[in-house]
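In what follows, a single structure is set out as structure tokens and then discussed.
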Amino acid sequence: MRLYDHKKIEKKWQNIWEKKGIYHAIDPVKGGASKPKKPKYYSLIEFPYPSGDGLHVGHPRPYIGMDIISRKRRLQGFNVLYPIGWDAFGLPTENFAIKTGKDPRFVTKKNSENFKQQIQSLGISFDWSREINTTDPKYYKWTQWIFLQFLKKGLAYKAKMNINWCPKDKIGLANEEVIGGCCERCGAQVEKREKEQWVLAITKYAERLDKDLDGVDYLPQIKLAQRNWIGKSEGAEIEFKITDYELKIKVFTTRPDTIFGATYVVLAPEHQLINDLKSRISNWTEAEDYIKKTKQETEIERTAENKTKTGVELKGVKAINPGSKEEIPIWIADYVLANYGTGAIMAVPAHDERDFEFAKKYNLEIKQVIQPIFGIENKRKEAVHRNTITGIVKSRDGKKILMLKWKDYDWLSGVIGGIEGDESPEQAAEREVLEETGYKTKAIFVSPIKVESHFFAEHKNEWRSRIDTPVVLELVDEKPEIISEKEQAKHEVRWVDIKEVFASTMFGNNKLAIELALSRSAYTGFNGDQRDSLINSGRFDGMDSQKAKKEIIKFVEGKEKTTFKLRDWIFSRQRYWGEPIPVVRCEKCGLVPVPEKDLPVELPKVKNYQPTDSGESPLANISKWVNTKCPKCKGNAKRETDTMPNWAGSSWYYLRYTDPKNSKEFAGKKNLKYWTPVDWYNGGNEHTTLHLLYSRFWHKFLYDLKLVPTSEPYMKRTSHGMILGEGGVKMSKSLGNVINPDEMVKIYGADTLRIYEMFMGPFDQSVAWSTESIIGARRFIEKIWRLQFKVGKTSDSGIKKILNKTIKKVSEDIENMNFNTAISSMMILATEIENEKSVSREDYKKFLQILSPFAPHITEELWSLLGEKKSINLSTWPKVDETFLKDEEIKIVIQINGKVRAQIIVKASDPEEKIKERVFSDPSVLKHLGNKGIKRTIYIKNRLINLVV
RNA sequence: GCCCGAGUGGCGGAACUGGUAUACGCGCACGACUUAAAAUCGUGUCUCGCAAGGGAUGUGGGUUCGAUUCCCACCUCGGGCACCA
């Protein structure tokens with residue numbers, strides 16, 4: 001009996017595959033018109049950063065997943081491109097160089113060789129002949145070249161920017177290096193420092209980056225994450241005049257319909273206009289102090305969670321509300337961001353929570369201009385109108401509120417009552433609560449928002465309307481007085497848990513009143529069936545809020561405007577281990593791009609990787625490299641010492657794979673036309689925003705230059721979950737729970753590891769590693785090995801049936817990345833075959849074929865043991881024989897009142913009547929039915945019969 | 001605070017479009033083989049109950065003949081964003 005020796009088998013086939021190059025993608029023939037006969041398929045994984053720690057078991061998960069898809073595509077007759085390379089610029093290698101003085105080139109080479117050897121031991125069908133490395137000058141030549149194209153089109157520019165500055169290490173830090181406001185390395189408090197930075201104008205592409213998501217097949221969450229990051233928001237720009245002055249304040253708002261409620265204007269402390277107004281501001285010192293203070297604050301302090309809003313009124317100047325034409329105050333406050341919209345807002349405290357909070361703190365006017373209206377307005381008859389209050393009494397511990405449970409109807413409400421005579425809402429609320437509940441209370445908050453409702457009072461046969469003011473009250477006395485019998489008869493007084501209030505049956509208007517009372521904030525919209533109608537808005541009163549948006553923009557001569565949260569991309573790093581930005585600064589000519597023929601600008605060797613005292617890249621110290629001649633005037637010039645972020649090389653690497661050795665272009669047109677776009681790109685969730693967005697941006701830019709044939713780089717994007725350490729915590733060196741795949745390959749074999757990683761849980765979710773469980777995958781592989789001794793002349797029809805079902809399931813599951821259930825169905829098939837006397841050679845081959853993407857080595861070995869001369873990889877994906885999928889006999893479940901009581905086996909061809917006949921003669925059905933009559937019978941074909949008694 | 005994802009046996013997880021909840025695997029128990037152990041194979045394994053039967057998919061409601069699946073409210077965990085007007 002042949003024994004299963006994974007070490008021998010796996011090494012053997014890996015060598016043969018490599019030697020024969022069977023995973024090499026075939027390029028279109030140069031110069032000729034002929035394309036490869038097979039259709040192309042481009043599958044892509046995110047190329048790894050070759051760290052010194054080597055691979056851990058989480059790395060291969062996406063590689064195996066896409067390997068299964070790529071291998072299936074090959075069997076389906078595609079010319080598959082499944083490449084890999086190294087995203088090797090970056091901080092860990094540089095920090096290692098600073099610590100040890102070792103050349104990053106050397107470290108990178110060593111690390112990537114180690115990674116390569118590790119990945120190759122897993123039998124992943126990468127086309128290694130296309131291996132690329134972002135730190136290779138032959139590669140980054142083209143990264144620099146693309147940068148020059150950005151520069152040429154004016155999309156790369158220099159700007160003063162705030163960067164994270166560590167005063168102790170004297171170094172600029174990337175955002176990722178700032179942890180809790182402190183330097184990752186030395187723990188010192190990080191400051192903001194202004195520095196000239198290279199910036200790429202990604203915002204010019206914001207609209208297209210958002211819109212073109214419609215045309216690609218990304219997982220919905222991924223599209224959503226991209227859209228949220230881009231942050232498109234549609235609104236209007238409106239100008240506010242300043243009294244007796246020619247300058248105007250331009251604001252951006254998404255709610256022009258609320259303009260009559262704008263009771264003040266706020267400028268960001270950094271706003272230009274403040275300086276222009278300086279001479280007219282009577283409290284300039286106060287304002288200046290505030291501006292200075294905000295500048296000193298770190299980002300963390302400024303955005304701290306519980307920070308109350310602060311600001312200073314600019315006295316001596318006033319703005320004019322273009323809606324109401326009223327004079328309103330101008331404030332400066334740091335809750336308004338300088339770099340979003342116009343850096344100025346119109347504050348509508350009644351309908352914006354932030355403005356509300358600010359207005360309350362500084363006692364500014366809160367003017368309601370949107371009124372929610374519930375119920376159908378009665379136009380024909382005169383309605384009886386009342387002003388009312390809804391009183392909300394909170395218990396002392398704040399967890400419960402006082403509600404009325406109505407006796408005649410099944411609903412709850414707050415305490416509702418009319419405002420009489422010249423009572424204030426507070427007085428009315430206190431009086432009504434006492435009358436209806438017996439509790440003595442004191443009003444503590446009156447909502448500035450009123451809620452309107454219309455209804456027909458049946459008992460009085462009249463239409464009524466109310467305008468209701470929510471009031472919050474607190475208890476004066478814990479013990480209630482006895483209330484009148486009349487009130488007692490109407491409703492019961494109840495303390496209801498706040499959490500349960502909104503789950504109970506209430507009228508929409510009452511629900512909103514309670515919500516407004518409890519939140520004590522603005523009305524920004526409500527999830528109900530109300531109509532939002534304008535009030536206090538002059539000629540727009542009564543107009544629907546949506547309609548008013550457009551009308552009011554016209555009225556105040558504003559213009560519709562779309563803004564984005566997305567900011568331009570800061571592209572400089574003051575680091576050594578990155579692509580040098582190919583620009584020189586000439587004393588005469590200024591910034592001059594390095595001519596394309598002089599690319600690449602290679603990184604010089606240095607002795608010391610420490611950053612300089614002034615926070616510049618270590619490159620600044622290499623005077624031999626820095627001092628150069630200007631390409632334009634040949635005068636003295638200095639090289640740019642900033643380098644690119646490590647996002648640069650990964651923004652276009654998928655293009656290089658199509659033509660990795662090209663020295664004339666980043667990739668040849670013909671190859672690009674044939675291979676792009678990427679058909680399926682799988683990657684980590686951590687890259688769904690930045691990397692994906694950056695590379696889409698670069699791609700669109702190249703598309704506009706007619707250098708790539710499509711406007712989107714990736715047709716389909718999916719993501720995989722992380723593999724966590726045992727116990728569900730992150731795998732990390734410091735926790736000591738890292739599992740090295742080498743060891744697993746050694747003990748169990750690559751096929752077992754592959755099967756286990758795909759079987760352990762849903763591909764898109766995180767799963768905890770369990771070395772205890774991997775044995776199950778090994779047992780399955782060994783069972784497969786034993787099946788070779790079952791191969792005979794025929795297989796049972798039962799086997800044929802289950803085989804064809806499995807082919808179907810595996811085919812579908814692979815497409816949906818449901819690898820775990822695909823393996824589960826193959827486990828069932830293997831057990832079935834093992835329990836039979838024999839399986840036919842043909843059927844056995846089909847099984848090996850569907851298993852081969854998951855476990856390529858053992859299937860290749862078994863395939864060749866059958867005497868097959870060609871690789872299983874060159875065979876074709878088995879077809880489902882539909883005739884075996886149809887069951888002649890079907891199990892029907894009999895339910896009584898939805899509970900399973902019996903099962904019967906019927907012929908698929910049996911008509912409904914015949915099945916029902918059988919049901920009613922079934923003894924256990926009769927037993928359960930007893931003498932109860934059947935009210936209804938539900939028959940679901942091929943599934944069940946439910947009898948309702 | 002907002003957005004996204006998830007919550008099912010001792011554990012990882014399965015369940016198509018609302019139709020037999022717990023497939024498959026791990027672990028555990030028992031049995032076979034063995035002088036013995038490991039490995040392997042076989043059987044069993046949600047829970048209460050002697051049984052008939054009842055109860056379980058984070059919690060509480062709802063829709064339905066029927067809900068892990070749909071709706072509402074809430075709780076817990078993971079990830080992302082963070083005053084974006």
Side-chain angles (χ1 to χ4, degrees), chain A residues 220-222 224-225 227-229 231-233 235 251-255 258 266 299 302-305 307 309 333-337 339-348 351-355 357-358 497-505 524 527 563-567 685-686 688-689 721-722 724 728 730 755-756 759-762 764-777 779-780 782-783 786 809 812 818 820-828 831 834 891-903 927 935-938 940-949:
Chain A
Q221 316 88 279
I222 298 177
L224 198 69
R227 290 219 152 96
N228 287 345
W229 191 265
K232 182 174 172 173
S233 133
V251 304
F252 173 72
T253 178
T254 55
R255 294 294 304 271
T258 63
V266 190
E299 197 73 7
R302 186 165 163 173
T303 57
E305 225 172 295
K307 194 192 162 201
K309 291 187 171 41
D334 67 358
Y335 80 92
V336 173
L337 305 174
N339 42 18
Y340 182 77
T342 60
I345 61 155
M346 64 178 212
V348 186
H351 306 293
D352 182 281
E353 274 166 35
R354 293 151 302 178
D355 298 342
E357 192 194 324
F358 192 78
D497 210 287
I498 285 184
K499 287 170 187 163
E500 283 161 32
V501 169
F502 291 99
S504 24
T505 318
T524 55
N527 187 19
T563 46
F564 298 90
K565 276 194 231 173
L566 187 70
R567 316 246 175 99
N685 285 312
E686 68 275 22
T688 48
T689 44
M722 273 194 297
L724 306 168
K730 211 172 165 172
I755 293 280
Y756 177 61
F759 181 67
M760 59 196 298
D764 60 340
Q765 276 167 44
S766 307
V767 236
W769 178 265
S770 161
T771 302
E772 195 181 65
S773 297
I774 194 171
I775 189 71
R779 284 181 193 147
F780 170 62
E782 284 173 4
K783 187 178 272 189
R786 289 196 301 272
K809 176 141 184 70
E812 288 166 2
N818 293 329
N820 52 339
T821 52
I823 291 168
S824 146
S825 68
M826 288 189 285
M827 283 173 169
I828 294 169
T831 306
E834 186 155 70
K891 191 163 63 178
I892 298 260
V893 167
I894 305 168
Q895 293 183 335
I896 293 169
N897 282 347
K899 292 211 162 124
V900 182
R901 296 300 182 190
Q903 302 178 351
K927 197 180 98 198
K935 280 189 202 148
R936 228 178 120 184
T937 306
I938 291 126
I940 310 289
K941 200 166 183 281
N942 294 349
R943 285 207 184 266
L944 58 75
I945 282 199
N946 190 10
L947 307 173
V948 186
V949 295

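- A distance of about 15 Å separates the P atoms of B:U68 and B:G61, rounded to the whole Å.
- Ranked by how close their nearest RNA chain B nucleotide is to the 5' end, A:T821 and A:L224 are led by A:L224.
- One distance of note links OG of A:S824 with CG of A:N818; it measures 11.0 Å at 0.5 Å rounding.
- The residue A:E357 sits apart from the nucleic acid: no heavy atom pair falls under 4.0 Å.
- The side chain of A:Q221 has B:C4 as its nearest neighbour among B:C4, B:G66, B:G27.
- B:A23: no Watson-Crick or G-U partner with both key distances under 3.5 Å is found in any strand.
- Looking at A:I896, A:V893, A:I894 one by one, the single match for side-chain contact (heavy atoms from CB on, under 4.5 Å) with A:R901 turns out to be A:I896.
- Across every non-hydrogen atom of A:L724 and A:S766, the tightest pair is CD1-CB, 4.1 Å.
- A straight line from NZ of A:K891 to P of B:A23 spans 13 Å, rounded to a whole angstrom.
- Of all nucleotides present, none satisfies the Watson-Crick or G-U wobble test against B:U68 with each distance under 3.5 Å.
- Side chain of A:E772, nearest nucleotide from B:G19, B:A85, B:G27: B:G27.
- When distances are taken from the side chain of A:R936 to each of B:A21, B:C65, B:C83, the shortest belongs to B:C65.
- Among the atoms of the strands shown, base atoms are found under 4.0 Å from some heavy atom of A:S824.
- Atom NZ of A:K730 has 12 or fewer heavy atoms from other residues, nucleotides or ligands within 6.0 Å.
- Rounded to whole Å, atom C1' of B:C83 lies 10 Å from atom CD1 of A:I345.
- Here the CG-CD distance, from A:N685 to A:Q221, works out to 8.0 Å after rounding to the nearest 0.5 Å.
- If you measure from atom CD of A:E686 to atom P of B:C81, you get 12 Å, rounded to the nearest angstrom.
- As judged by a 4.0 angstrom heavy-atom cut-off over every strand, A:V893 is placed among the base-contacting residues.
- Checking B:G49 for Watson-Crick or G-U wobble geometry (two distances, each under 3.5 Å) identifies no partner in any strand.
- When heavy atoms are screened at a 4.0 angstrom cut-off, A:I823 is found touching no nucleic acid atom at all.
- Remark: the separation of the C1' atoms in B:A29 and B:A52 is 28 Å, to the nearest Å.
- One atom, CD1 of A:I940, and another, P of B:C16, lie 16 Å apart when rounded to the nearest Å.
- Using a 4.0 Å heavy-atom cutoff across all strands shown, A:Q903 reaches at least one base atom of the nucleic acid.
- Look at B:U43: its Watson-Crick or wobble partner, with both distances under 3.5 angstrom, is B:A29.
- For A:K309 and B:C83, a side-chain-to-base donor-acceptor distance below 3.5 Å is present, hydrogens and geometry of angles not being considered.
- B:G9 has its base syn relative to the sugar, with a glycosidic angle deviating from 0 by at most 90°.
- The two residues A:T689 and A:A225 come nearest to each other via the heavy atoms CG2-O, 3.7 Å.
- Between the P atom of B:C81 and the CZ atom of A:R567 lies a distance of 13 Å, rounded to the nearest Å.
- For the C1' atom pair drawn from B:U8 and B:A23, the interatomic distance equals 13 Å after rounding to whole Å.
- OP1 or OP2 of B:C26 sits under 4.0 Å from a side-chain N or O of A:R779.
- Counting only heavy atoms from C-beta on, A:R786 has its side chain closest to B:U40 among B:A21, B:A14, B:U40.
- Only the C1' atoms considered, B:G5 is 29 Å distant from B:A85, to the nearest whole Å.
- Spacing between atom CZ of A:F780 and atom C1' of B:C41 amounts to 18 Å, rounded to whole angstrom units.
- Of the candidate nucleotides B:G12, B:C26, B:G53, B:G53 has the atom nearest to the side chain of A:R901.
- Atom name C1', nucleotides B:G60 and B:U76: the rounded distance is 15 Å, in whole Å.
- Proximity of A:T689 to the phosphate of B:C81: no side-chain N or O atom is located under 4.0 Å from OP1 or OP2.
- Within the nucleic acid shown, A:N685 has no heavy atom closer than 4.0 Å to any nucleic acid atom.
- As judged by a 4.0 angstrom heavy-atom cut-off over every strand, A:N820 is placed among residues touching the sugar-phosphate backbone only.
- Here A:L944 lies in heavy-atom contact (under 4.0 Å) with a base.
- With distances taken from any side-chain atom of A:Y335 to the nucleotides B:C83, B:A15, B:U20, the minimum falls on B:C83.
- Listed pair A:Y756 / B:G25 fails the phosphate criterion, with no side-chain N or O lying under 4.0 Å from OP1 or OP2.
- Taking every heavy atom of both residues into account, A:I222 and A:T688 meet most closely at CG1-CG2, 3.8 Å.
- A:Y335 carries A:K309 over the face of its six-membered ring, with the cationic atom under 6.0 Å from the centre and within 45° of the normal.
- Under the Watson-Crick or G-U wobble criterion, with both distances below 3.5 Å, B:U35 is left unpaired in every strand shown.
- For the pair A:K565 NZ and B:C81 P, the interatomic distance rounds to 11 Å; values are reported in whole Å.
- Considering only side-chain atoms of A:W229, the nucleotide from B:G19, B:C81, B:C24 that sits closest is B:C81.
- B:C75 sits 29 Å from B:G66 when the P atoms are compared, rounded to a whole Å.
- The separation of B:A67 from B:U57, taken at their C1' atoms, amounts to 11 Å, rounded to a whole angstrom.
- Listed nucleotides B:C24, B:G27, B:G13 differ in distance to A:I828; the shortest reach to its side chain belongs to B:C24.
- Residues A:W769 and A:Y756 bring their aromatic ring centres within 6.0 Å.
- Comparing B:U69 with B:G7, their C1' atoms sit 14 Å apart, to the nearest whole Å.
- Within 4.0 Å (heavy atoms only), A:T253 reaches sugar-phosphate atoms of the nucleic acid but no base atom.
- When rounded to the nearest whole Å, the span between CD1 of A:I755 and P of B:G25 equals 13 Å.
- Minimum atom distance to the side chain of A:N946 is reached by B:G19, of the listed B:U20, B:C26, B:G19.
- The pairing partner recorded for B:A6 is B:U76, the criterion being a Watson-Crick or G-U wobble arrangement whose two distances lie under 3.5 angstrom.
- Comparing atom distances between the A:N228 side chain and each of B:A85, B:C65, B:C3 picks out B:C3 as nearest.
- Note that CZ of A:F780 is 5.5 Å distant from CD1 of A:I755, once rounded to the nearest 0.5 Å.
- Between A:K899 and B:G55, a side-chain N or O to OP1/OP2 separation shorter than 4.0 Å is present.
- The partner of B:U57 cannot be assigned: no Watson-Crick or G-U wobble pair with both contacts below 3.5 Å exists in any strand.
- Both A:K809 and A:N897 lie close to RNA chain B; mapped to their nearest nucleotides by heavy-atom distance, the more 5′-ward contact belongs to A:K809.
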